[in-house]
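Along the sequence shown, residues carry numbers from 1.
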Amino acid sequence: MQVNWRAMSGPALTAATALLAILADRYMKGVLYPAPLFVCIVAFAGSLSGLTSAATSAAIAIGSSALFFFYRTTAGFDTEDLIQLSMLSIAAGGTAAITGLLRQRWMEAFALERVHHLTAEHLSAALDQFDIGIILLDAETRAEFINRAFRDYLSLPDAKADSKPPFIALMYHGRDTGAYELPEDELNAYIARRMEMVRAGDSTPINIKFADGKILRFSCTALPDGGRMLSYTPVTDLIGHSDAPAKPDYYRALRCGGDLRLVPHLRAAE
């Protein structure tokens, strides 16, 4: 049978302390009764094992104190003994209740956090199985979660993805690695517009063409806590093969969200 040393340690330490105090009082003169030490032991028992262990320790402390004061000089209690015993009872009982209940609350919160952590792990594992890129941003547009698909699309190292980078850093990473199929002089305007859309929570989908030929449909969803969920859905087969070769600038404008100003050739023709 397994012994619960956590539950037994508080009462055992209280009993041992009481026995030592009684023996010291019998064979030594001028020994003070360790009431403050009893309160500390009760607090220790409550924080280590909970309310039951703390209450048991408090009961042992109060009972042994009553015996100590009763047989200290002559059989019986004087006024000073009763006052000390009452103060010890209040202090030990209150300490047992407070520490025991606090530990119970802490254990419940820890169990709930563990459940949430496991749920988050399962959800992350599930999202990593999708070919849709998913990014979860906090209210400051820092990436709290980036799934495997987006990391692969942008050739994003795990160390950088796990460091909770701001979304604009992810955009700059795509620019610096040549991920986007856009002229270099248009990249900064494109990044600025994407950041504006994300900050505003604009849910208008846009198509993004990558240098390797992939086309992803980007969508932004505003979350109740002020964060954003960004999705990158592969639509290469739906859009890429239907582009008319004679109108490349027109389809590039569509992939920029319909903003013709981002395409110099069409802007000049307006």
Side-chain angles (χ1 to χ4, degrees), residues 123-138 141-221 227-269:
L123 181 59
S124 298
L127 291 177
D128 280 337
Q129 304 304 313
F130 294 160
D131 61 350
I132 300 175
I134 300 292
I135 303 178
L136 296 180
L137 304 178
D138 62 14
T141 70
R142 299 189 71 89
E144 294 186 325
F145 171 77
I146 303 174
N147 77 334
R148 178 55 53 188
F150 182 84
R151 300 183 190 204
D152 293 340
Y153 290 143
L154 217 63
S155 299
L156 186 66
D158 288 341
K160 187 170 186 177
D162 295 335
S163 66
K164 297 185 177 182
F167 179 63
I168 194 170
L170 299 178
M171 297 291 297
Y172 285 142
H173 174 81
R175 180 199 65 180
D176 296 340
T177 57
Y180 307 116
E181 191 188 53
L182 281 174
E184 187 175 350
D185 59 348
E186 297 179 23
L187 283 172
N188 289 335
Y190 168 74
I191 291 174
R193 182 171 180 274
R194 289 278 304 282
M195 285 302 304
E196 182 182 349
M197 290 180 64
V198 169
R199 290 194 179 101
D202 188 347
S203 59
T204 304
I206 63 173
N207 297 326
I208 306 170
K209 189 167 185 179
F210 283 70
D212 60 2
K214 292 187 180 71
I215 302 174
L216 304 180
R217 178 160 293 169
F218 168 81
S219 180
C220 174
T221 302
R228 302 287 185 265
M229 184 181 76
L230 312 180
S231 62
Y232 295 78
T233 306
V235 292
T236 307
D237 294 337
L238 298 177
I239 294 179
H241 298 312
S242 62
D243 287 0
K247 299 180 179 181
D249 291 335
Y250 172 73
Y251 287 101
R252 180 183 296 172
L254 291 181
R255 294 182 188 113
C256 292
D259 192 348
L260 303 183
R261 293 172 299 175
L262 295 179
V263 183
H265 175 72
L266 293 180
R267 185 175 62 242

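- Leu123 is not listed as a side-chain neighbour of Phe145, based on a closest heavy-atom distance of 4.5 Å or more.
- In this structure, Ile146 and Leu170 have side chains that are in contact, with non-hydrogen atoms separated by less than 4.5 Å.
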Checklist entry - When you look at Ile134 and Phe150, which way does the side-chain contact (heavy atoms from CB on, under 4.5 Å) test go after all the steps? => result CA-CA 6 Å; Ile134 300 292; Phe150 182 84; over 6 Å; no
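- With respect to the salt-bridge test (charged N to carboxylate O, under 4.0 angstrom), the residues Asp162 and Arg151 qualify.
- Outside the 6.0 Å centre-distance limit, the rings of Tyr153 and Tyr232 are not counted as a close aromatic pair.
- With sequence neighbours left out, the salt bridge (Lys or Arg N to Asp or Glu O under 4.0 Å) criterion links Asp176 to no other residue.
- Counting heavy atoms from C-beta outward, Leu156 and His173 have side chains that approach closer than 4.5 Å.
- Two residues are said to be in side-chain contact when any heavy atoms from C-beta on lie closer than 4.5 Å; Phe167 and Arg228 fail this criterion.
- Counting only heavy atoms from C-beta outward, the side chains of Ser231 and Ile132 approach each other to under 4.5 Å.
- You'll find the side chain of Tyr172 stays beyond 4.5 Å of the side chain of Leu187, heavy atoms only.
- Within 6.0 Å of the NZ atom in Lys164, the count of heavy atoms belonging to other residues, nucleotides or ligands does not exceed 12.
- Taking the side chain as every heavy atom from C-beta outward, Pro234 and Ile215 never approach each other to under 4.5 Å.
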Next on the checklist: Assess the residue pair Thr204 and Phe218 against the criterion (side-chain contact (heavy atoms from CB on, under 4.5 Å)); give the C-alpha distance rounded to whole Å, side-chain angles, the decisive distance to 0.1 Å, and a yes or no.
Outcome noted: CA-CA 9 Å; Thr204 304; Phe218 168 81; over 6 Å; no
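- Between Arg148 and Asp131 there is no salt bridge, since none of the side-chain N atoms of the basic residue sits less than 4.0 Å from a carboxylate O of the acidic one.
- Other residues, nucleotides and ligands place no more than 12 heavy atoms under 6.0 Å from the CD atom of Glu196.
- The shortest distance between side-chain heavy atoms of Val235 and Leu216 does not fall below 4.5 Å.
- Side-chain N or O atoms of Asn147 include none that pairs as donor or acceptor with a backbone N or O of Asp128 at under 3.5 Å.
- Taking all atoms of both residues into account, the shortest heavy-atom contact from Arg142 to Ser163 is NH2-O, 4.2 Å.
- Atom CG of Leu137 and atom SG of Cys220 lie 7.5 Å apart (nearest 0.5 Å).
- Remark: Arg175 fails to qualify as a cation-pi partner of Tyr180 under the 6.0 Å distance and 45° angle criteria applied to the six-membered ring.
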Item to check | side-chain contact (heavy atoms from CB on, under 4.5 Å) assessment of Arg194 paired with Ile206 | outcome: CA-CA 10 Å; Arg194 289 278 304 282; Ile206 63 173; 3.5 Å; yes
